[in-house]
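Taking it in order: structure first as structure tokens, then the write-up.
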Amino acid sequence: MFQMETETIALNESLCNTMYIGISDGDYFMENSCYSIESMWDEEKKIFLNKALVKVSYVPTNISDALHREDVIRKMQRCLIDVSKNLAPNNIIVYGKMGTGKTMITKLVLNDLEKVAAKKRVKLTTIYISCEDANSENGVLGLINNNLMFELLGKFREKIGNSISRNTFNFKKLFNELDGILIIVLDEIDKIKNPDLINKLARSISEKTGQPPCLICITNDINFKDDLKGHTKSVLAESEIQFNPYNAEQLNNILDARVEKAFYPGVVVDMVVPLISALCAQENGDARKAINLLCKSGEIAEEKLKNVIKEEDVREANDRLELDRLTSIIETLPTQSKLTLLTASVLSENSPKNECTTGEIYNIYKQYAHLIDIDILTQRRITDLISELDSLGIINAIVKSNGRYGKTKVISMQGSKQIIRHVLLQDYRLKSLEGNLLQNCFRNNLN
DNA sequence: ATTCCACAGGAAGCGACGGCCC
DNA sequence: GGGCCGTCGCTTCCTGTGGAAT
């Protein structure tokens with residue numbers, strides 16, 4: 001242990017001594033040669049035994065490796081059992097919050113089903129489509145056709161950019177040529193702007209088999225089905241499978257299983273896994289986040305050249321992931337939302353209770369918008385932007401009544417104000433508000 | 001019990017824009 | 001190329017709301 005600490009001190013010293021001489025066109029030079037990737041490459045590997053197992057993209061190969069999902073696996077298998085009778089199973093809608101294992105379990109169950117079908121000589125084709133990648137009805141149809149083409153001819157279609165009617169025609173043609181049962185998984189179906197596609201696909205009947213395709217629609221949005229039109233809703237209402245969030249104990253078991261295979265023995269100290277489970281269970285029971293946090297903690301320990309992961313590494317990893325999350329959300333916001341957020345941040349920082357109201361935000365927002373020469377939106381629109389920021393988890397907005405003094409939304413910041421401010425001021429239009437201007441504007445409002 | 005405030009948020013509509021289709 | 005249609009960002013108008021003040 002003493003040796004480890006000495007190593008850490010030595011590294012910190014070398015960090016301090018390193019001097020960047022010049023950075024140009026993405027190329028840089030450093031005086032200290034210990035930063036070559038070769039020295040990093042040759043370092044003794046002390047933390048990860050098999051890092052791939054704590055990557056979010058990792059999917060277990062065996063269905064028994066999916067812990068605490070026996071009930072939904074059973075239910076999905078029961079829904080799909082018609083394949084054994086050479087019949088297309090009922091359509092399935094799978095919903096649950098992020099990180100509850102919807103995609104992983106669906107893929108595992110289908111892999112298993114394919115193996116059994118092959119053994120029993122039942123012709124089965126499964127297609128997995130991530131609607132986030134395609135995001136339009138036509139895009140999804142194109143991807144399905146590509147997969148069918150691959151299944152029938154062993155090659156992908158080269159031409160892209162067909163119209164919807166052309167792609168619909170192609171789908172029917174390819175589907176008619178396909179022998180056996182077709183199962184199409186539409187992951188993140190809520191990302192498709194026009195979900196009439198579900199109806200179109202579900203009502204297609206293969207001339208060869210007389211069967212429709214089976215659709216498995218996966219969504220994070222519990223209200224997704226309620227927003228569909230009547231006929232589409234009835235098509236999807238056949239079978240529903242809900243994935244509940246994992247609790248702390250379940251997350252604990254999932255992490256323990258990964259720790260055992262992914263890290264060298266003794267690397268993860270006793271309190272690390274319970275801490276990660278508790279942090280993730282108190283949010284959404286998100287297993288993906290828990291595994292990501294475990295991986296990041298390991299990387300931080302590795303960075304520090306330590307051979308154990310401690311609680312402080314988990315907390316640091318949690319902060320870094322939170323920073324990444326906030327940065328990626330804020331960077332993609334439109335200018336008007338950024339300005340609304342900046343105003344809320346300044347006002348809450350200057351308030352004794354660290355909070356502000358819609359009316360206060362709107363007054364300062366108008367001044368800022370005028371200063372940076374952008375359109376001044378109506379208060380009605382700003383209330384919508386505040387609600388959007390609230391649903392993104394950047395601010396916390398609660399409707400509160402002040403009796404005779406009216407009803408308003410009380411807004412407080414979620415996460416570090418400094419980080420939010422820093423990311424916002426990267427925007428060149430908001431940068432001009434940096435410094436005294438923010439304070440001056442605030443004082444004007446008070447006066 | 002009634003009044004009143006400062007909004008929240010629903011509904012309808014407008015203009016810009018992009019994709020599709022003939 | 002032009003018409004059609006859906007979507008998006010926004011405005012205007014409106015009703016509803018909780019609770020302190022009267």
Side-chain angles (χ1 to χ4, degrees), chain A residues 131-145 157 159-173 188-201 219 221 223-224 226-233 329-344 347-348 351 353 355-370 372-412 414 427 429-430 445-446:
Chain A
C131 298
E132 192 172 24
D133 299 339
N135 107 11
S136 69
E137 178 183 355
N138 203 19
V140 172
L141 264 176
L143 288 175
I144 294 172
N145 288 347
R157 183 173 57 113
K159 189 171 171 281
I160 55 164
N162 280 337
S163 65
I164 289 188
S165 52
R166 167 63 59 187
N167 270 338
T168 308
F169 174 79
N170 284 346
F171 169 73
K172 285 183 177 158
K173 201 170 154 221
E188 303 201 57
I189 183 82
D190 45 300
K191 297 280 160 53
I192 305 184
K193 282 159 193 145
N194 180 8
D196 271 355
L197 170 72
I198 298 166
N199 206 29
K200 200 177 277 179
L201 291 173
T219 173
D221 183 1
N223 300 317
F224 172 73
D226 299 337
D227 297 338
L228 294 174
K229 289 179 195 161
H231 51 286
T232 312
K233 197 190 279 190
I329 293 174
I330 295 171
E331 274 176 351
T332 55
L333 288 175
T335 307
Q336 292 286 4
S337 297
K338 282 183 184 168
L339 186 58
T340 308
L341 180 60
L342 181 66
T343 314
L347 280 170
S348 59
S351 130
K353 286 186 174 176
E355 53 190 33
C356 54
T357 64
T358 305
E360 290 167 351
I361 289 178
Y362 190 60
N363 283 336
I364 300 292
Y365 155 82
K366 282 190 288 185
Q367 296 180 38
Y368 287 171
H370 178 71
I372 63 170
D373 198 25
I374 62 170
D375 290 343
I376 298 173
L377 303 181
T378 58
Q379 184 158 347
R380 176 69 189 84
R381 180 64 188 141
I382 296 298
T383 63
D384 279 344
L385 295 185
I386 290 171
S387 300
E388 283 167 21
L389 293 171
D390 182 29
S391 62
L392 286 171
I394 310 174
I395 62 171
N396 196 17
I398 298 164
V399 180
K400 188 185 165 193
S401 175
N402 294 318
R404 197 187 172 87
Y405 304 109
K407 204 170 91 167
T408 184
K409 250 183 184 156
V410 175
I411 294 117
S412 56
Q414 296 252 55
D427 187 307
R429 281 156 298 194
L430 303 191
N445 185 57
L446 288 180

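So you know, we letter chains A, B, ... as the sequences are listed, proteins then strands, and number each from 1.
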| said: Distance check needed: C:dC8 P versus A:Leu385 CG, whole Å only. | reply: 15 Å
| task | Mark yes or no for whether A:Ser351, through its side chain, and A:Leu347, through its backbone, hold a donor-acceptor pair below 3.5 Å. | result | no
| query | What string of B, S and - do you get for nucleotides 14-22 of chain C, 5' to 3', if B is base contact, S is sugar-phosphate-only contact and - is no contact with any protein heavy atom under 4.0 Å? | reply | ---BBBBB-
| With distance as the sole test, does A:Gln336 use its side chain to make a donor-acceptor pair with the main-chain N or O of A:Asp375 at under 3.5 Å? | yes
| remark: Whole-Å distance, A:Ile382 CD1 to B:dG9 P, equals 15 Å
| request: Specify the separation, in whole Å, of atom CZ of A:Arg381 and atom C1' of C:dC13. | output: 17 Å
| note | Taken to the nearest whole Å, CD/A:Gln379 to C1'/B:dC5 is 13 Å
| task | Output the distance between atom CG (A:Leu333) and atom CG (A:Leu392), rounded to the nearest 0.5 Å. | result | 6.5 Å
| Sole residue of A:Ile382, A:Thr378, A:Leu377 in side chain to side chain contact (heavy atoms under 4.5 Å, CB included) with A:Arg380 | A:Thr378
Give each protein N/O atom lying under 3.5 Å from an N/O atom of nucleotides 10-14 of chain B, with the pair distance.
residue : atom : partner  : partner atom : Å
B:dG10  : N7   : A:Arg380 : NH2          : 2.9
B:dG10  : O6   : A:Arg380 : NE           : 2.8

| In terms of side-chain heavy atoms, does A:Lys400 have a donor or acceptor partner in A:Thr357 at a distance below 3.5 Å? | no
| request: Check whether any side-chain nitrogen or oxygen of A:Thr378 sits under 4.0 Å from OP1 or OP2 of C:dT12, and answer yes or no. | output: no
| task | Report which part of the nucleic acid A:Lys400 touches: base, sugar-phosphate, or nothing (heavy-atom distance under 4.0 Å, all strands). | result | nothing
| field | Separation of A:Ile386 CD1 from A:Gln379 CD (nearest 0.5 Å) | value | 8.0 Å
| Whole-Å distance separating the CD1 atom of A:Ile398 from the C1' atom of B:dC7 | 16 Å
| field | From NZ (A:Lys409) to CD1 (A:Ile398), nearest 0.5 Å | value | 10.5 Å
| note | CG (A:Asp390) and CD (A:Gln414) are apart, to the nearest 0.5 Å, by 7.5 Å
| query | Atom CD1 of A:Ile386 and atom P of C:dG9: how far apart are they, to the nearest Å? | reply | 17 Å
| request: To the nearest Å, give me how far apart CD1 (A:Ile376) and P (C:dT11) are. | output: 11 Å
| query | Are the side chains of A:Tyr365 and A:Tyr368 in touch, meaning some heavy atoms are under 4.5 Å apart? | reply | no
| remark: Taken to the nearest whole Å, CG/A:Leu377 to P/C:dC8 is 18 Å
